[in-house]
Amino acid sequence: MKNIKNILGKGVFMLLTSLAMISCTEKSDWEIDDAYSRPFGTNRDGLSVTTDDRVARVTVNWDAMPGVDYYIIEISTNELNDEIPMGSEENGNLVYGNDADSRIARSPYVINDLQAGATYYLRIKSVTGDRESLWVYMERTFSPVSEETILNVPSEDDIPVAAGRVRMSWEPGLSVTHFVITEAGGVPYNQDITPLQAVAGEAWIEGLNVFSSYNIAIYNNNTSRGSQNVTIPGLEIDSSITDITDVSALFSWDASVDVTHYVCIPSTEAVPDFSVATALTSGEIATHSVTIPNLAHSTEYTAYAFYNGSICARTTFTTRKGKPSGYTEMTIEDALLDWANLSGNVLITVSEGSNASLANNNSIAAGVTNMVFWGEGSQPSLGVHNMQPTGSLTRLEFYNIDMYSTSPGGNFVVYPDNAAGSVGQVVISSSMMRDFRGIVRIRKTVSNAETSIEIDDCVIKGLSSGHYGILHASDITGSSGAGSLASLRLNVTNTTVANFVGAASTMVRTASSQENVTIDVANCTFYGLTTSGEAFTRDVRGNTCTFNMSNTLFAATNSNFRVFYSTSNVPGSVNWRSVYTTNDFTFANTGAATSSGLSLSSSQLFPTCTDNGPVFELTYGADVSNDIKAIGDQRWNK
């Protein structure tokens, strides 16, 4: 029994040992090489590959095994199996980690410089000392990104304006050898990438044409690794807007650039991109200009010129007014023939080149409700003398007129001097007023009338008599100065007032008892008010009166120019902001009005002033900054 038990025990032991050996062979490959026990092969379930979305590379991940010195990874675009020797050139195999100086000690491992879009097979083995595990094959193939895009989009700092160059960058250390550079419509050329540039991951490309678009591709020998389309910015070229009407304008630009497209949109809208641009005809490209149609009247627009898809010029302008509807339209010649019988709403056109005068026709018939003088084309001249309503005139307007005094120094543009008449609103826009005694003088008017004077986009020059400036209303009811107007408003914007020739001139003067006076001045330039005793306001006083001024410039003006005739003679509310003076000028009697001095003198600011009849122009000095040019009337900011 004892022997039988021993025999059975030995038999059972041998059977269990055989089963254990079979089990270990399945997990540890022992049937291949009986000389070694190799239980350290990689777990195939933990073997995976992660691809990159820009670079043809992958990251190999696997489960680490204890006691492994290093790993060998092999890939190929052809199928792998145990019959194919490691590193087979015929099979196109690539081996990683087999050399002593490039051992793979741990997971993960990054494989670079793969073929974009190719399909790869992968196997891995573990090595400890002189022992190797069997190959473990990844169950699935993998493919890197189908097309590499290693170049970064250049930032603003990478494309300096007007420099004709661009800095291209990529991930440092990637294998790259050269660029292929192609200008739109041009012939490709190469630029080598040095080893130092490849390591740094950046290189400048020089000698490019501004306003031109390029395709810049980066290569590793014959393999493209991505590209970027780049437009080289340049300084914007000169451009201008002329022939402005209420519905159209002529946009022109410097002939150095063959502009191909343009956009014109209201200035309130965002800067457009090329996708909304309108293509120019071959004729427009050749003449470097285009007539912009279908504009709205009295609207500020910005026109943009495009070359190679980029903005190369821009200009802002405002369309002219559109004629109001509901008016009887007639020429100035026809109006003068029937002047005394005019009635209702009357629009009188003054054609370019006209030589008309209102010297003998200054009284506006009582039957007229609204009267507009409308200048056609380039500011036609019109002689004006004391326009006076005899009835309740709602609105008197002058638009685009060169108004000159028919009696220089002795009359006004508008002169209500009839107790039976009144004017509710005087509007003068886009006009010249020259050589008058003053602009508006209200001497008599209907009791409790309300009057508003609006002057916009004008030049007023050569006012010639003391105390009569833009508005004079100190003797509305005669010597008593009772001030019978219910309210009085003066609004002067985007206008230049220049070269007074009369002493003691006052811009605005009212009766001392006049209430509800509002003065608004914005974006204006006052130049050459150099006679003595001048003041901006006189007798505009009390809590119901307001004086506002903003973004306004005073230059070449009497250094004793008074804001208020006296500091006890001021409006109840004074609001001045962004009011500037040249360094050779100071205000007097400022009260609550505040201003800032510039570092420039009048002659430095405006070294040239052209004053000749209907022509008046101020020219900024060459060194005047754009910040200073933005002050005051912008017609001189060219």
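Here the structure is a predicted model, which means the values were calculated and not measured. Side chains included, hydrogens not; waters and symmetry mates left out as well; all remaining heavy atoms used.
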Any donor-acceptor N/O pair, S452 side chain to Q425 backbone, under 3.5 Å: no
Distance in Å, S76 OG paired with E89 CD, rounded so as to fall on 0.5 Å steps: 12.0 Å
Passing candidate, side chain to side chain donor-acceptor pair (under 3.5 Å) with K461, options D611, N499, T496: D611
Side chain R54, main chain T149, donor-acceptor under 3.5 Å: yes
Taking every non-hydrogen atom, the tightest pair across P233 and V210: O-CG1, 3.6 Å
Q228 side-chain N/O to L151 backbone N/O, donor-acceptor pair under 3.5 Å: yes
S169 side chain to N152 side chain, donor-acceptor N/O pair below 3.5 angstrom: yes
Closest heavy-atom pair and its distance - M168, W170: O-CZ3, 3.5 Å
CD (E300) with more than 12 external heavy atoms under 6.0 Å: yes
Donor + acceptor pair across side chains of T315, S239 (<3.5 Å): yes
Rounded distance [0.5 Å steps], CD in E183 versus OG in S213: 8.5 Å
Modelled atom types, side-chain donor and acceptor of N548 and N575, under 3.5 Å: yes
Stepwise side chain to side chain contact (heavy atoms under 4.5 Å, CB included) test for V427 and K321: CA-CA 12 Å; V427 178; K321 283 187 177 182; 3.8 Å; yes
Donor-acceptor side-chain pairing of N220 and D113 below 3.5 angstrom: no
Ring center gap for F587 and F554 short of 6.0 angstrom: yes
SB check D157 R167 (cutoff 4.0 Å): no
Qualifying residue, where the test is side chain to side chain donor-acceptor pair (under 3.5 Å) with N494 and the options are D456, T525, N551, D633: D456
Side-chain donor or acceptor of Y304 paired with backbone N/O of I265 under 3.5 Å: no
Sub-4.5 Å side-chain heavy-atom contact between N78 and Y121: no
Note, S175 side chain near N112 side chain (heavy atom, < 4.5 Å): no
Any donor-acceptor N/O pair, T518 side chain to R489 backbone, under 3.5 Å: no
Enclosure of E269 CD (heavy-atom neighbours >12, cutoff 6.0 Å): yes
Between OG1 on residue T493 and CD on residue E454, distance to nearest 0.5 Å: 8.0 Å
Distance-only side-chain donor-acceptor flag, W576 / T590, under 3.5 Å: no
Ring pair (Phe, Tyr, Trp, His ring centres under 6.0 Å) evaluation trace for F536 with F526: CA-CA 11 Å; F536 209 104; F526 292 86; 5.4 Å; yes
Test item: V563 and F547 side chains (from C-beta on) under 4.5 Å apart, heavy atoms: yes
Minimum heavy-atom distance W253-E284, with the two atoms named: CZ2-O, 4.2 Å
Within-4.5 Å side-chain heavy-atom neighbours: I232 and N209: no
Sidechain-backbone polar pair: T319 side chain, S298 backbone, donor-acceptor under 3.5 Å: yes
H288 NE2 to I237 CD1 distance, which is reported to the nearest 0.5 Å: 9.0 Å
Inter-residue atom distance I428.CD1 - N400.CG, 0.5 Å rounding: 13.5 Å
Smallest separation among heavy atoms of P324 and L347, with atom names: CD-CD1, 3.5 Å
Within-4.5 Å side-chain heavy-atom neighbours: I439 and I453: no
Under 3.5 Å: donor-acceptor pair, side chain of D99, backbone of D101: no
Derivation of the side chain to side chain contact (heavy atoms under 4.5 Å, CB included) call for R635 and V459: CA-CA 10 Å; R635 76 184 67 241; V459 174; 4.0 Å; yes
Within 6.0 angstrom of R165 CZ, more than 12 heavy atoms from elsewhere: yes
Expected output: side-chain S143 to main-chain A118 donor-acceptor under 3.5 Å: yes
Side chain to side chain donor-acceptor pair (under 3.5 Å) pairs, two or more places apart, involving residues 373-382: K323-E376, S381-D402
Which residues share a side chain to side chain donor-acceptor pair (under 3.5 Å) with K629, sequence neighbours left out: none
Working for side chain to side chain contact (heavy atoms under 4.5 Å, CB included), residues Y120 and V58: CA-CA 11 Å; Y120 286 91; V58 297; over 6 Å; no
Derivation of the side chain to side chain contact (heavy atoms under 4.5 Å, CB included) call for F317 and C264: CA-CA 10 Å; F317 65 100; C264 185; 3.9 Å; yes
Closest contact, heavy atoms only, T495 versus D457: OG1-N, 3.4 Å
Student check: side-chain heavy atoms of Y399 and S430 closer than 4.5 Å: yes
Donor + acceptor pair across side chains of T582, S602 (<3.5 Å): yes
Backbone N/O of F211 and side chain of N308: donor-acceptor pair under 3.5 Å: yes
Passing candidate, side chain to side chain contact (heavy atoms under 4.5 Å, CB included) with L250, options D243, V290, T245, I241: D243
Nearest-0.5 Å distance, CZ of residue F606 to OH of residue Y527: 8.0 Å
Nearest atoms (heavy-atom pairs only) where G353 meets P380: N-CB, 4.5 Å
Main-chain N/O of T223 paired to N221 side chain as donor or acceptor, under 3.5 Å: no
Pairwise side-chain contact, F436 with I460, heavy-atom cut-off 4.5 Å (strictly under): no
Residue pair N215 / T182, side-chain donor-acceptor N/O under 3.5 Å: no
Side chain proximity check, I311 to E236, heavy atoms < 4.5 angstrom: yes
Side chain to side chain contact (heavy atoms under 4.5 Å, CB included), paired with M549, selected from I519, T594, V579: V579
Residues T302 and S267: side-chain donor-acceptor under 3.5 angstrom: yes
Listing, residues 616-626 side-chain donor-acceptor contacts under 3.5 Å, not counting sequence neighbours, or none:
{"residue": "E617", "atom": "OE2", "partner": "K638", "partner atom": "NZ", "Å": "2.9"}
{"residue": "S625", "atom": "OG", "partner": "I628", "partner atom": "N", "Å": "3.4"}

